[in-house]
Amino acid sequence: MTVTVIIISCILFAAALALLPLRMLAAPACAFMGLMTLSFAKSADGYPLVPVNGTILIGWLCMTVVVTTATLLQPVAVRKTRRGMGYIIVGALAGMSVGILGYTVASQVSMLYGIMIAATVAGTFLGFLLYTNTPEGRAINVASGNFFRYLLAKGFPTAITVMQIGVALVLTIALYKY
């Protein structure tokens, strides 16, 4: 049963990444379902395989609700556009990857968690900033006044989705690194 739960969780995480450029509204919810599914994985002794507890789940549920609400409040034209999503997604994943490397400098789980979150936010921002310097992205560069609105509409859901995947990875690495 544990292997099935882990496989379902991985499929949900992959689906969340696949949904980011297509259905931004569903991606954070799918990542949360993957995190919640992972919390049901138990060892043979009945202990959780990855310590995703109720506090973590409630915190990320609240973030998922906030990001979904913020996405719903965006104009339909902004929600449907996919401009720059490749840059934002790659930036967020690169930031999460760099943040996960925090286990080399920190040993506490809370530090690993914080480093991963800060690096994901920085990666998302830098990916979007890189997009605004392309010919296609000049219309929403910093001077246009639409920079932060578009970053909220596209970067916030991307960052929350990738962070939820990063939480599972950070907890797994922290638990099994020795």
Side-chain angles (χ1 to χ4, degrees), residues 2-3 5-21 24 27-43 47-64 66-67 84-134 137 142 147-148 150-152 154-178:
T2 300
V3 173
V5 169
I6 292 172
I7 289 171
I8 291 171
S9 179
C10 290
I11 289 171
L12 286 168
F13 286 142
L17 287 176
L19 285 172
L20 272 173
M24 173 97 26
C30 193
F32 176 75
M33 288 189 297
L35 193 61
M36 186 177 64
T37 304
L38 189 61
S39 71
F40 295 123
K42 305 283 185 211
S43 67
Y47 293 108
L49 222 60
V50 179
V52 180
N53 59 20
T55 304
I56 292 172
L57 288 175
I58 290 173
W60 285 105
L61 174 64
C62 291
M63 287 304 293
T64 302
V66 167
V67 77
M85 284 306 298
Y87 289 89
I88 295 171
I89 293 168
V90 169
L93 289 172
M96 180 192 67
S97 300
V98 169
I100 287 175
L101 292 176
Y103 77 89
T104 60
V105 295
S107 61
Q108 296 176 341
V109 176
S110 59
M111 283 296 292
L112 295 172
Y113 198 76
I115 291 170
M116 184 273 303
I117 288 175
T120 303
V121 169
T124 304
F125 180 78
L126 291 174
F128 182 61
L129 191 61
L130 181 65
Y131 171 69
T132 61
N133 288 317
T134 64
V142 179
F147 181 81
F148 289 106
Y150 198 79
L151 184 62
L152 173 68
K154 299 298 181 180
F156 188 41
T158 302
I160 295 300
T161 301
V162 173
M163 282 180 207
Q164 290 182 45
I165 297 168
V167 167
L169 293 173
V170 163
L171 291 174
T172 302
I173 289 170
L175 194 62
Y176 296 108
K177 77 176 183 179
Y178 297 112

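Numbers here simply count residues along the sequence, with the first being 1.
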Asks: Working to the nearest 0.5 angstrom, can you tell me the gap between Met116 CE and Met163 CE?
Replies: 7.0 Å
Asks: Between Ser9 (side chain only) and Val5 (backbone N and O only), is there a donor and an acceptor less than 3.5 Å apart?
Replies: no
Asks: Which heavy atom in Ala168 sits nearest to a heavy atom in Val50, and how many Å separate them?
Replies: O-CG1, 4.4 Å
Asks: Are side-chain heavy atoms of Leu20 and Leu17 found at a separation under 4.5 Å?
Replies: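 Sidechains of Leu17 and Leu20: in contact.
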Asks: Picking from Tyr131, Phe156, Phe128, what satisfies ring-ring contact (aromatic ring centres under 6.0 Å, His included) with Tyr150?
Replies: Phe128
Asks: Please list, chain by chain and in numerical order, all residues satisfying side-chain hydrogen bond (donor to acceptor under 3.5 Å, both in side chains) with Tyr87, sequence neighbours excluded.
Replies: none
Asks: Could you tell me if the side chain of Tyr113 sits less than 4.5 Å from the side chain of Leu171, heavy atoms only?
Replies: no
Asks: Is there a donor-acceptor pair under 3.5 Å between the side chain of Thr132 and the backbone N or O of Gly137?
Replies: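 Side chain of Thr132 to backbone of Gly137: no pair is present.
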Asks: When you look at Ile7 and Val3, which way does the side chain to side chain contact (heavy atoms under 4.5 Å, CB included) test go after all the steps?
Replies: CA-CA 6 Å; Ile7 289 171; Val3 173; 3.7 Å; yes
Asks: For the atom pair OG1 (Thr120) and CG (Leu93), what is the distance rounded to the nearest 0.5 Å?
Replies: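 Thr120 OG1 to Leu93 CG: 8.5 Å, rounded to 0.5 Å.
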Asks: Enter the distance from Thr2:OG1 to Leu49:CG here, rounded to the nearest 0.5 Å.
Replies: 6.5 Å
Asks: Kindly give the heavy-atom pair with the smallest separation between Val52 and Leu35, and that separation in Å.
Replies: CG1-O, 3.9 Å
Asks: Can you measure from CG (Leu130) to CZ (Phe125) and round to the nearest 0.5 angstrom?
Replies: 11.5 Å
Asks: Rounded at 0.5 Å granularity, tell me how far CE in Met24 sits from CD1 in Ile88.
Replies: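 So the gap between those two atoms works out to 7.0 Å.
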Asks: On a heavy-atom basis, which atom in Leu57 and which in Ser39 lie closest, and how many Å separate them?
Replies: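 Taking every non-hydrogen atom into account, CD1-OG, 3.7 Å.
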Asks: Taking all atoms of both residues into account, what is the closest heavy-atom pair of Gly155 and Thr124, and its distance?
Replies: O-CG2, 3.5 Å
Asks: Any idea which heavy atoms bring Phe13 and Gly34 closest together, and the distance?
Replies: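 Scanning both residues, the minimum pair turns out to be CZ-C, 3.6 Å.
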Asks: To the closest 0.5 Å, what do you measure between CD (Gln164) and CE (Met96)?
Replies: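 Reported to 0.5 Å precision, the distance equals 12.0 Å.
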Asks: For the residue pair Ala27 and Thr161, what are the closest heavy atoms and their distance?
Replies: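 Heavy-atom minimum between the residues: C-OG1, 3.6 Å.
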Asks: Evaluate Leu129 against Val142 for side chain to side chain contact (heavy atoms under 4.5 Å, CB included), listing each step before the verdict.
Replies: CA-CA 8 Å; Leu129 191 61; Val142 179; 4.1 Å; yes
Asks: Would you sort out whether Leu12 and Met36 count as a side chain to side chain contact (heavy atoms under 4.5 Å, CB included), showing the intermediate values?
Replies: CA-CA 10 Å; Leu12 286 168; Met36 186 177 64; over 6 Å; no
